[in-house]
Amino acid sequence: MCDFCGGPAHHGLIARRSVLKLGAAAAAALATAPHALAAPAAAPPKPENVLSPDAALARLMKGNDRYVEGVSKRHDFRHEREALSGGQNPFAAVLSCADSRIAPEYCFDTARGDVFVCRVAGNFASDDVTASLEYAVQVLNTPLIMVLGHESCGAVAATIKSIKDGTTLPGHLPALVAALAPAVNAVQGAAGDLLANATSRNVRLNVEKLKAAAPILKSFADDKKIRVVGGVYELRSGRVQLLT
Ligand SMILES: [Zn+2]
């Protein structure tokens with residue numbers, strides 16, 4: 001059943017526009033009745049995904065351990081198709097870079113229906129991404145959001161170069177530079193590697209931005225119904241290092 005209209009499930013057809021509308025609709029609803037848009041208390045398609053924020057993080061990191069050790073599970077979609085055809089209740093949401101080497105579902109050894117993934121070069125929370133994560137939390141009851149940066153991020157490196165050289169990148173790339181510049185500028189002159197420092201700072205800034213995203217994510221975070229955490233993926237080992 002569709003959480004928006006109550007009719008047959010058609011999540012794959014929900015226009016981005018509809019998801020974006022959620023923010024305004026939810027904001028209005030929350031003003032008078034907190035969490036009014038929460039999903040109905042139907043049986044979740046994956047009961048094992050109903051977890052506390054801490055348990056969700058532990059499960060995510062255990063999956064990363066398996067991935068690092070090369071003992072990932074076999075995920076046979078055939079046995080999950082029917083349960084997931086009626087809905088979804090992912091236990092974690094991940095905001096990842098679009099970099100082809102990361103692949104959150106692989107690096108946390110998760111199956112379909114487990115992780116709600118938003119990807120954009122430089123893993124920053126644009127309004128579109130924030131709205132998508134609001135949908136995951138408010139409608140799908142996802143208890144955990146991870147902002148996942150990674151080593152040798154081309155988007156962060158391009159931002160550093162653009163700022164250093166004082167040049168404007170072609171096409172739409174200046175939009176990425178504008179989004180990542182606060183992280184780069186915040187660590188200019190700091191000890192250590194500028195790219196690594198900027199990557200970590202970018203993750204931290206976006207964790208804070210999502211925690212403060214009123215009214216939806218802020219409300220859930222303040223009530224400790226969700227956790228928002230940051231991590232950095234190591235390219236050689238596959239290990240996700242949590243940022244504290
Ligand atoms: Zn990247």
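- Between Phe91 and Leu60 the shortest side-chain heavy-atom distance falls below 4.5 Å.
- A single hydrophobic cluster is not seen to contain both Leu217 and Leu205; linkage of ILVMFWY side chains at heavy-atom distances under 4.5 Å, directly or through other members, places them apart.
- Expressed to the nearest 0.5 Å, how far CG of Leu148 lies from CG of Leu243 amounts to 9.5 Å.
- Counting heavy atoms from C-beta outward, Val156 and Ile160 have side chains that approach closer than 4.5 Å.
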Do Val228 and Leu133 pass the side-chain contact (heavy atoms from CB on, under 4.5 Å) test, and can you show the C-alpha distance, the side-chain angles, and the key distance before you say yes or no?
-> CA-CA 11 Å; Val228 186; Leu133 294 171; over 6 Å; no
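- Distance check, rounded to the nearest 0.5 Å: CZ of Arg59 to CG of Leu51 gives 6.0 Å.
- One N or O on the side chain of Asp76 and one on the backbone of Arg78 form a donor-acceptor pair closer than 3.5 Å.
- Here the shortest heavy-atom pairing between Pro174 and Thr168 reads CG-CG2, 3.8 Å.
- A salt bridge is absent between Glu151 and Arg236: the closest approach of a Lys/Arg side-chain nitrogen to an acidic carboxylate oxygen does not fall below 4.0 angstrom.
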His75/Asp109 under side-chain contact (heavy atoms from CB on, under 4.5 Å): CA gap, chis, key distance, verdict | CA-CA 9 Å; His75 297 287; Asp109 189 24; 2.8 Å; yes
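- A 4.5 Å side-chain heavy-atom check between Gln88 and Asn49 finds every atom pair outside the cut-off.
- Put simply, CD1 on Ile216 and OH on Tyr135 are 12.5 Å apart, with the number rounded to the nearest 0.5 Å.
- Between Arg119 and Ile102, some side-chain heavy-atom pair lies under the 4.5 Å cut-off.
- Phe124 and Val187 end up in the same hydrophobic cluster when Ile, Leu, Val, Met, Phe, Trp and Tyr side chains are linked at under 4.5 Å.
- A 4.5 Å side-chain heavy-atom check between Asn89 and Asn141 finds every atom pair outside the cut-off.
- Using a 4.5 Å cut-off on side-chain heavy atoms (C-beta onward), Leu169 and Leu176 make no contact.
- Not a single donor-acceptor pair under 3.5 Å links the side chain of Arg204 to the backbone N or O of Thr199.
- Using a 4.5 Å heavy-atom threshold, the side chains of Val120 and Ser126 count as separate.
- Side-chain heavy atoms closer than 4.5 Å link hydrophobic residues (I, L, V, M, F, W, Y) into clusters, and following such links, possibly through other members, connects Val137 to Val147.
- For the pair Ser132 and Cys118, the tightest heavy-atom approach, listed with the atom from each and the gap, is CB-SG, 3.7 Å.
- In plain terms, the two heavy atoms of Cys153 and Cys97 that are nearest each other are SG-SG, 4.0 Å.
- Taken to the nearest 0.5 Å, the NE2 atom of His150 stands 7.0 Å off from the OG atom of Ser96.
- Interatomic distance, His79 NE2 to Arg112 CZ, rounded to the nearest 0.5 Å: 12.0 Å.
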Could you give me the CA-CA distance, side-chain angles and deciding distance for Thr130 and Leu210, then say whether side-chain contact (heavy atoms from CB on, under 4.5 Å) is met?
-> CA-CA 7 Å; Thr130 302; Leu210 290 171; 3.9 Å; yes
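- Here the side chain of Ser200 pairs no donor or acceptor atom with the backbone of Asn197 at under 3.5 angstrom.
- Checking side-chain atoms of Asn64 against main-chain N and O of Arg239 turns up no donor-acceptor pair under 3.5 Å.
- Counting heavy atoms from C-beta on, the side chains of Met146 and Leu57 come closer than 4.5 Å.
- Between the Lys46 side chain and the Gly113 main chain, no donor and acceptor come within less than 3.5 Å of each other.
- Neither Val207 nor Val94 shares a network with the other; the hydrophobic side chains, linked directly or stepwise wherever heavy atoms of I, L, V, M, F, W or Y lie under 4.5 Å apart, form separate groups for each.
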Just do the side-chain contact (heavy atoms from CB on, under 4.5 Å) check on Asn202 and Asn123 with the steps written out, would you?
-> CA-CA 8 Å; Asn202 181 51; Asn123 45 269; 3.4 Å; yes
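- Ser162 and Val177 make their closest contact through OG-CG1, 4.0 Å (heavy atoms, listed as atom of the first residue, atom of the second, distance).
- Shortest non-hydrogen contact noted between Ile163 and Val184 is CD1-CG1, 3.9 Å.
- Of all the heavy atoms in Val50 and Pro44, the pair that sits closest is CG2-CG, 3.7 Å.
- By the 6.0 Å contact criterion, CD on Glu82 is open, its count of non-hydrogen atoms from other residues, nucleotides or ligands being 12 or less.
- Cluster annotation: Val117 is connected to Met61 through the hydrophobic network of ILVMFWY side chains, with a link wherever side-chain heavy atoms come within less than 4.5 Å.
- One finds the CZ atom of Phe108 at 10.5 Å from the CG atom of Asp65 (value rounded to the nearest 0.5 Å).
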